Amino acid sequence: MKTYKTLLLVALTSGLFLNSCQVTSQSFPFKLPKEKPNQPLSRAMERNYDNYMAPRPEDNELYTQFKYTEIKGLDYSNHDGTISRRDPSKVIFENGKYYVWYTHRQTETPPKGAKLSTETIPSADWDLSEIWYATSTDGFTWEEQGVAIPRPPKPNLGHRSVSTADILKWEGKYYMYYQGFSEASGLRGDDCPVLMSYSDSPDGPWTATNEIVIPNGPKDTWDQYSIHDPYPLVYKGKIYLYYKSDFNEKPNLVRMQGLATAESPFGPFTKNPLNPVLTSGHETTLFPFKEGIAALTIRDGNEHNTIQFSKDGINFEIASLVELMPAAAGPYIPDAFTDTKDGRGITWGISHFTSYNGWATNHAILARFDCDLSLDVNDPAM
Ligand code: AAL
């Protein structure tokens, strides 16, 4: 009996027990394989290989963490809300320096509610604004150069506010696309079309066409009230201009992004029949990447906090999930306008931070962000 018990104990602690812990051919390997292993996988593991560019975020070219640095040289009047700078454009490098344009407001602080706005009291942080610009030699210290595009006199389009600009360089000339408000934002919604001004030099002077360049959609379509955040790139020999619209009305507001293309900066712009092409995000931030276009998809929608990629500029897929994304980011994109077939990515730019006062934004500041979304980490031009 004693012998039997001893045998049993030995069997349990050695062979039998070891067998139950043994690594079988089905066990997942210790080193995370780069390619999907040919073995049964859980749904999460399947997704980890099928849905992302690499099974480990750190190996994914479109994964990054974002770092922020306060920029020097811009006065905010002690942050009392009377001076605001927001929605920066892309950063471009011309004449030996970097340029950025942005919405500049210098008024009383916006009250809570658009109905309290007057001819001099803004309804929102981007109401009663102008487009200003600053230049820098290092991207950290900026010198404000003043107004680039003022509010035109009544009854011109945009007489209430011009905001949220972005730049295009096309055949050696400069084109600025921006939101033009002819009534205070927020009275119905944040309603506006896109206007355009052009110049021979990034220092201006800018000539406004005084026409709508990207019209709102027809009644009962997703972009019938607003075209926001116009964002031009050069791709496939054309101007690819991405934009956001607010639709579905409060309190069920939806924000998605669409694409309009043109062969001339003056238009006509043709809206893509598959619009919206991005179901999520807020302000537009996209850049050429390899043969396609990548998008920072920030804040709203099911797929917020992602970086997405499309091989054709139209059909985007999630490439990575990220955090602390730069709001309204305007990256420095060396190949934004070169019609590249092999986009190199981005490493830095200017974004904004906002402070809130009820529904309206009290004021916003510009900041620098840095990231690692470049295929040329050692390229001094980046
Ligand atoms: C921003 C942008 C547009 C909106 C408002 C000012 O963040 O999406 O520019 O109109 O908010």
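This is a predicted model, so every value here is computed, not measured. Indexing begins at 1, ligand by ligand and atom by atom, following the structure's order. We use all heavy atoms of the structure for the numbers below, so side chains are in, but hydrogens, waters and symmetry mates are not.
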So if I count the atoms of ligand 1 from 1 in the order they appear, which ones are less than 4.0 Å from some heavy atom of [X]?
X	value
Glu283	1 (C), 2 (C), 7 (O), 8 (O)
His228	10 (O)
His282	7 (O), 8 (O)
Lys244	2 (C), 8 (O)
Asp190	4 (C), 5 (C), 10 (O)

Q. Can you tell me how far the CE atom of Met256 sits from the CG atom of Asp246, to the nearest 0.5 Å?
A. 11.5 Å
Q | Backbone or side-chain N or O of Ser163 under 3.5 Å from ligand 1 N or O | A | no
**Q.** Ring centroid separation Tyr98 to Phe93 under 6.0 Å
**A.** yes
Q) How about Tyr243 and Tyr177: are their ring centres within less than 6.0 Å of each other? A) no
Q: Give the residue and atom name of whichever protein heavy atom lies nearest to atom 9 (O) of ligand 1, and the separation in Å to one decimal.
A: Thr164 OG1, 2.7 Å
Q: Can you pull out the closest protein heavy atom to atom 3 (C) of ligand 1? Residue, atom name and distance to 0.1 Å, please.
A: Gln179 OE1, 3.3 Å
Q | Heavy atoms from other residues, nucleotides or ligands near NZ of Lys238 exceed 12 (cutoff 6.0 Å) | A | no
Q | Member of Ser84, Ser355, Ser185, Ser163 meeting the side-chain hydrogen bond (donor to acceptor under 3.5 Å, both in side chains) criterion with Asp125 | A | Ser84
Q) Considering all heavy atoms of both residues, which atom of Ser351 and which atom of Tyr68 are nearest to each other, and what is their separation? A) OG-CE2, 3.8 Å
Q) Could a heavy atom of Arg86 be found less than 4.0 Å from some atom of ligand 1? A) yes
Q | Residue among Tyr240, Phe316, Phe309, Phe287 satisfying side-chain contact (heavy atoms from CB on, under 4.5 Å) with Ile293 | A | Phe316
